[in-house]
Structures are given as structure tokens and as C-alpha cells.
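Below is one structure, written out as C-alpha cells; comments come after it.
Proteins come first, then strands; the chains are lettered A, B, ... in the order of their sequence lines, and each starts at number 1. Predicted model only: the values in this text are computed from it and were never measured.
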4 protein chains.
Amino acid sequence: MQVTARSVTSTARRAQILDATIALVAEEGFGKATFARIAEKAGLSSTRLISYHFAGKDDLVTALVDHVITGIGEHVGGRVMAETTARGRLRAYIEGVVTYADAHRAPMSALLQVAMSATADGGTSAPSDTSHLERILEDGQRQGEMRDFDAGVMATTVQRAVEVVPFRLQAEPDLDCTAYAAELIELFDRATRADA
Amino acid sequence: MQVTARSVTSTARRAQILDATIALVAEEGFGKATFARIAEKAGLSSTRLISYHFAGKDDLVTALVDHVITGIGEHVGGRVMAETTARGRLRAYIEGVVTYADAHRAPMSALLQVAMSATADGGTSAPSDTSHLERILEDGQRQGEMRDFDAGVMATTVQRAVEVVPFRLQAEPDLDCTAYAAELIELFDRATRADA
Amino acid sequence: MQVTARSVTSTARRAQILDATIALVAEEGFGKATFARIAEKAGLSSTRLISYHFAGKDDLVTALVDHVITGIGEHVGGRVMAETTARGRLRAYIEGVVTYADAHRAPMSALLQVAMSATADGGTSAPSDTSHLERILEDGQRQGEMRDFDAGVMATTVQRAVEVVPFRLQAEPDLDCTAYAAELIELFDRATRADA
Amino acid sequence: MQVTARSVTSTARRAQILDATIALVAEEGFGKATFARIAEKAGLSSTRLISYHFAGKDDLVTALVDHVITGIGEHVGGRVMAETTARGRLRAYIEGVVTYADAHRAPMSALLQVAMSATADGGTSAPSDTSHLERILEDGQRQGEMRDFDAGVMATTVQRAVEVVPFRLQAEPDLDCTAYAAELIELFDRATRADA
DNA sequence: CATGAATGAGCGTTCATTCAT
DNA sequence: TATGAATGAACGCTCATTCAT
């Protein structure tokens, strides 16, 4: 069992700062997420409070990413594992990520903007981890449910397809995500399933 | 018809600055593309020359985007129009963009990094224009070559699928783009074609 | 007579903080000796404990200086007083300080770095107290053991000569301090003694 | 022949900034020599001008050290070389440095404060270069003018003796440097000369 | 006696841009 | 057409210190 080394107050302050950062990044982009603006958004007296609770900007960003990814994992992981077939798992993954993006717009948007900015700054492309998706697809191929394709290419394409949803939601807040997910599910089912 | 008032010297200088910017963004990311670094890369004595030839950073970025998109359009447009069927045009589009990304890595990488940074800074998502793809897909549906799907979702998914190639090339410079294109072509042909 | 109101626990804590500060200054310089680093070195949970036991940074530094100077005084004072001639006392002083610097490297180094930083920050030169040395030299002149020279200049020069040892020890940890002291003793004996 | 790569204006501005820095360090210590204060002292509109003309604080400090050391070298070097004996050269060196410290108080004081602060910050002792002094002393020993002593110890002691003058001048602006130099000359002549 | 939390001022540095030739 | 010089705002971060418990 894990024992938290952080006090209650500290945890609350960190959450407050994290929430403000997520909201800010989602609304105005990562480029505008300076300590000054975060402090303002969170209602802090000075930026010093951020430096106090996080080792630096990198630490804050890392915490943000961890926080959001944990949330997604909890939402999507269960749904995927509840399925017994590879085609079912792929369907559950797509539906899970899209509905999460719909229900938690700010965190999802923030996560992707942070990932993009990391790519832009360092020059090193930091694409999303697709190993879990590849495993599902390779399982499907082994079980004969899915045809023979390059699992890496397919996984990347699926991931890119679901990751675009937050950006479309920003432009079209009333986007029907249920329908969007259904379209993607049909698309990738046809693209992956074994010939009859 | 509009005649540009730009002299030969000016045009050459603009091209020199643009090329340096493209190379810099492709190599080190948009975040590192400051006027100082661009001037250094282009061998200019001071950043003043950039401000002189471009109205500002926005203007420089806009010029970069226009320049690269024009190049892509020339490469891809012809190939697409040479095809007579919608399925053929979709295939030509995918193959065209992927081979362009392979043959012109720096401009393509720069373009996408700029697009990403614009999204990150302004908060306004600026997704790629997919209207041309949508038109191809809707044609295919009208002609009965393609099944009934949401053309917007499909177009976005195709576009996202091809746009990832520059990032994968950065991580894997020896990536087999011909095979990658073939995988995507098969993927989206299955996803879009009408049932037999 | 003044009785200190400090408890045993408080005294121990002060010593712990002082020792950590001395070690830190000796190893990394006064500039790196921030409250945060001292707390880390001493194994304290927060910097608050330092502020609690010392009125402020000035007080901490003053305590450090007093502590080290007392130690030197105990080491050197006895040796000097054991001598009966001025020449003997000068010899004992030089040997005492140099051997102390050799045996107690951290405190001696810390003391001098603190003195230097005080000079650098305030602009007020705070040279070491040389009145004890001057008294020895003037005694020697009165007794005819030493020639006629400016006792202030000579005292300052002796003091500067012995104070450099900690810095040379930092660069050359294997420096032969016994030989170094012998060289200085011969040097200043020749410089001060009365002509035969 | 050396061609200066710096423009007249730039050289003048650098000198202006350097002079202000020297004065500031001499008067208030290196710790107070922030960009803000230097800009104020030099009458600059913003600290940005300092960053513009110097690559950073390190560069500014390096330029200061080079500038002052060059000045000392010009003053002392000629006097030393004009002497033909080792004893004469040692005398000229001591007299040269002390009179320079008297005539150019601010630069000399600034130089030493900078050296001290470098020691304090990095923990690495950066003692003055004494190789030139050692060479004079070893020459004297070879020629039989000087007795057998450790040239390194003697050189360090001489250097420390002359370097203290700026600090004493700060406490005692009316100090008689001519007399001070004469005392040191007699002191080190006795300490070094061969027995009759 | 001890401590986590909070604070505002200040640091060097970077930025795109404008001024004056 | 070109250029060196200059600019002020903003950046993340560190500092010794104080508050409340």
C-alpha cells in the first residue's frame, strides 16, 4: 500500500494549481500558460506559490501529463479489458477515448497541447505511446479475427484518429461524439477485420 | 491580375530567409526559431534584415506556410487529377503526400510544426484544410464506388494519417515510406469502398 | 556575568546547523550556502528551523565566525604564550595557524570564504584582526630582538601569508604544511630580526 | 596587425558599461553589481543594453578582468623589465603594483573583489597567477643574488602582500602607499637576499 | 520546540521590434 | 536596400523571511 508523502494542504494546493493550468492551456494554449497567468487564473497571490509546490515548470507539466493520462487510463482501461475479442477491444478503445474527450474536454485538450508543444520546442517528436494498441491488433491477427497488416501503422493511424477529437470539439462544441465514435469504429473495423 | 512590386534582390533575400527558417524549424523545432537563430542560420548580420523583408514574425510564418503548401499542392494536385475514379484519387492523394513528406522532409516537418505551434499559442485549433479530400470522398459516394460514411470524419482521419509521417521520419529516418503509403492505401480503401 | 538561556536541545540544533554550514561553505563556497542547501545538508525538514534558531542569515554567519575563531584562538593562543621571546612567538603563531588550517580544513576554509564574501557584498573591507600580531612585533622591537619596521605592514603581511594556506590546500590537498610553515617562519624571521 | 571587429560606437558603449561596473564593484562590492544597478550607474535606459553588448554576466566580468589586468601589466611590466637584477625586478614589481593600486583604486579594488567572489561562488580557489614572480625569484637564485627558498611559497606571499593594499586603501584612503611599498620592499629584500 | 505554507522582491536572460543612419 | 544600436516587457527561477499552528 502506498503512503502519500504529501500533506493534505499541499495536495489540495497542487490540485488547485494543476486545475488552473489545465483550464488555461485548454482555453488559451500552452504558449500562454506562464506562471504569471496560471497564478492569476488560480487566484494565487504570487507565482512563487507555484515554484513552491512544483520543482519547476517541467515538473508542473509532467504532473499535468501524469494526472490526465491516469484519468484516461482509468476510463479507457476498464472498458477495453471488459471485452474478450480483439475487435471488441479496438471498438472499446476508440469509444473510450472519444467519450472521455467529450466528457473531459479541458484535460484532454490540455494534454494534447502540451504534447504538441514538447514536440515543437525540442524538435524531438514525442508521439503518443501506441504499444497498447499494437498489442490489441497483434492479438487480433493471431486469433484470426484481423487481417494481415502492419500493426505499427494501424495503431498510429487509430491513435491519430481519436486524438483529433479534442481539436474538433474546440471548433465545434456541439459535435456529436457518439456518432463520431461510431464512424471511427466502423472505419477501423472494416480496415482491420479478416476477409469473410 | 496583381503584379508584385518585389525586386529580384528582395525576392532572393526572402527565399534565403525562408529556407533558413524551414531548415531551422525542421531541425530544432518552432520554439527555437527565433529571429536571432534564423539570422545566424541564414548568415545574416543582424535580425533587422528579417524585420525588413517581412512585416513581422506572423508574416514570416505565413509566407513559410504558403510556400510549403504551394509545393505540396503542385506535387499532389497533378497526381490526383490524373486519376479518373474516386478510389484512384484517394490512393493518389495518400501516396502523393507520403512521398512528398519523404522527398521533402524539412519543408513538410516545418509546416506541421508551425501548424502545431500556432494551435498551442493561440488556443485556436487550426486543423488542416480537408475540403479537397471531402470532395473526393463525396464524389466516390455519388458514383457508388464508396460506401455511406461521414465524409468529414473520414477526411480528417485520412489527413491525420498522412500528416504523421514527418514525425515518424524524424524518429526513424530509414522508414520505408513506400510500404507505409501502401499500408495506408489498403487501410482506407477497405474503410471506404462499397460492399461488393 | 551573563548566563545564556539556551537549552541543551537548542544548543545541539545550533551546532548541527553550524556544522552543516561550515561543511557546505568549505565544499561549495559561500555563494552556494543558501538556507535551502544548508537545511538539506543538515537533514532538516525545512529552512524554517534555521530561521528559528538564528535571528537571520547575518546571525548564522556571525555565529560561524565566532565559533571558528574561538577554535583557532584555543589552538594558537596557547602555543604563542608558551614562548618567551617575540621571535619565538611569531614563529609559534605562523606554525599554529598553518597547522590548524591543515588539521581543520573545513572550518578554516569556511571562515575565510565568509570573510571574503562579507567584503564582496558590503564593499566594506573586513580584514582580519592583526592587533595581536602587532603587539608581538612591537614587543620584539622594544626588546631589541627585531629591527625597526612598520608593525602594521608587517602584521598584515604575515596574516595574509598564513591565510592563503586554506586556498592552496583546496587546490593541492597533499600540500606539505609543515614545510610551508617552515618556509614562512624563515621568511619572516629574516624579514623582522635585528641585524647582527 | 590586428583588425578590430567592433565598431566605434560599440566599443564606446562597452567601455561606458565597463567603467560603471568597475566603479560600482569598487564602491559597493561585487554582490551589489547587478545589471539593474550597473544600468542605473551608467545612465542606461534598461539592462537590455548590457545584454546587448556583452554575451552575459560572465562575459562582462571576463571583460572587466581582462581590461584591468591589461592595465596593470602595462604599468608594471615595463618597470620590471627596465631592471637588470632579480632583486631590482622584485623591488620594481612590488613598487609597481602598489603604486598602481594607489593611482587606480577603483579598477584594482574591482579586480580583487571579482576574484574573491569567483572563489566564493564556485568553491574553486582561483588564486592570482604568480608564475611571473616565481620566474624572477628563480632567476635570482640562479644568479646567486637570492638565497635558497621555496619560490612558490615566496611568490604567493609577495602577491598576497601587495594585493592587500586596495583593501587597506578602502579603510584608510590617506594611506601612504610610497611608504607602504618601501616597507614591503625592505621586507622581501631581507627575506630573499643571499647571506653576505 | 518545531514545521509546512506562503510571500514579494529581485535575479540574469530572451524576445520581436523600432530607431536612426 | 541594408545595418548596428537600442528598447521594454516578459520569462522561469531563487532568495531570506514571516505567518499560523
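- His53(C) has no side-chain polar atom (N or O) that falls below the 4.0 Å cut-off from OP1 or OP2 of dC1(E).
- For Phe54(B) and dT1(F), the CZ to P distance is 13 Å, given to the nearest whole Å.
- The 5' end of DNA chain F is approached more closely, in terms of each residue's nearest nucleotide, by Arg13(D) than by the other of Arg13(D) and Arg37(C).
- Among residues two or more places apart in sequence or in another chain, the ring pair (Phe, Tyr, Trp, His ring centres under 6.0 Å) test is passed with His67(B) by none.
- Rounded to whole Å, atom P of dC11(E) lies 14 Å from atom CG of Leu60(D).
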* Under 3.5 Å for both distances, Watson-Crick or G-U wobble, that's the pair rule; now give the dot-bracket for DNA chain E, with | marking pairs to another strand and [ ] for crossing ones. => .||||||||||||||||||||
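- A gap of 22 Å separates the P atoms of dA20(F) and dC1(E), to the nearest Å.
- For Ala15(A), there are no side-chain contact (heavy atoms from CB on, under 4.5 Å) partners, not counting sequence neighbours.
- Within the structure, a side-chain polar atom (N or O) of Ser45(D) is placed less than 4.0 Å from OP1 or OP2 of dT7(F).
- If you measure from atom OH of Tyr52(A) to atom C1' of dA5(E), you get 4 Å, rounded to the nearest angstrom.
- Shown here are the side-chain hydrogen bond (donor to acceptor under 3.5 Å, both in side chains) partners of Asp66(A), two or more places apart in sequence or in another chain: there are none.
- The distance from atom CD1 of Ile38(D) to atom P of dG10(E) is 16 Å, rounded to the nearest whole Å.
- With rounding to whole Å, Ile50(A) atom CD1 is found 13 Å from dC11(F) atom C1'.
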Considering only distance and modelled atom types, tabulate donor-acceptor pairs under 3.5 Å from the side chains of residues 51-63 of chain D, sequence neighbours left out.
{"from": "Lys57(D)", "atom 1": "NZ", "to": "Ala33(D)", "atom 2": "O", "distance (Å)": "2.8"}
{"from": "Asp59(D)", "atom 1": "OD2", "to": "Ala55(D)", "atom 2": "N", "distance (Å)": "3.0"}
{"from": "Thr62(D)", "atom 1": "OG1", "to": "Asp58(D)", "atom 2": "O", "distance (Å)": "2.8"}

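- Every residue was checked against the salt bridge (charged side-chain N to carboxylate O under 4.0 Å, His left out) condition with Arg37(D), not counting sequence neighbours, and none meets it.
- With sequence neighbours excluded, the residues forming a side-chain hydrogen bond (donor to acceptor under 3.5 Å, both in side chains) with Asp129(C) are Ser131(C), listed by chain and number.
- For the pair Leu49(C) and Leu44(A), both in contact range of DNA chain E, the more 5′-proximal nearest nucleotide belongs to Leu49(C).
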* To do: Would you give a per-nucleotide map of nucleotides 16-21 of chain F, 5' to 3', where B means the base has a protein non-hydrogen atom under 4.0 Å away, S means only the sugar-phosphate does, and - means neither?
  => BBBB--
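- Distance, Arg14(B) CZ to dA2(F) P: 13 Å, rounded to whole Å.
- Ion pairing between Lys32(A) and Glu27(A) fails under the 4.0 Å rule for side-chain N and carboxylate O.
- Distance NZ (Lys32(C)) to P (dC11(E)): 19 Å, rounded to an integer number of Å.
- Not one N or O on the side chain of Ser109(C) forms a donor-acceptor pair closer than 3.5 Å with the backbone of Arg105(C).
- Checked against side-chain hydrogen bond (donor to acceptor under 3.5 Å, both in side chains), Glu40(B) has no partners two or more places apart in sequence or in another chain.
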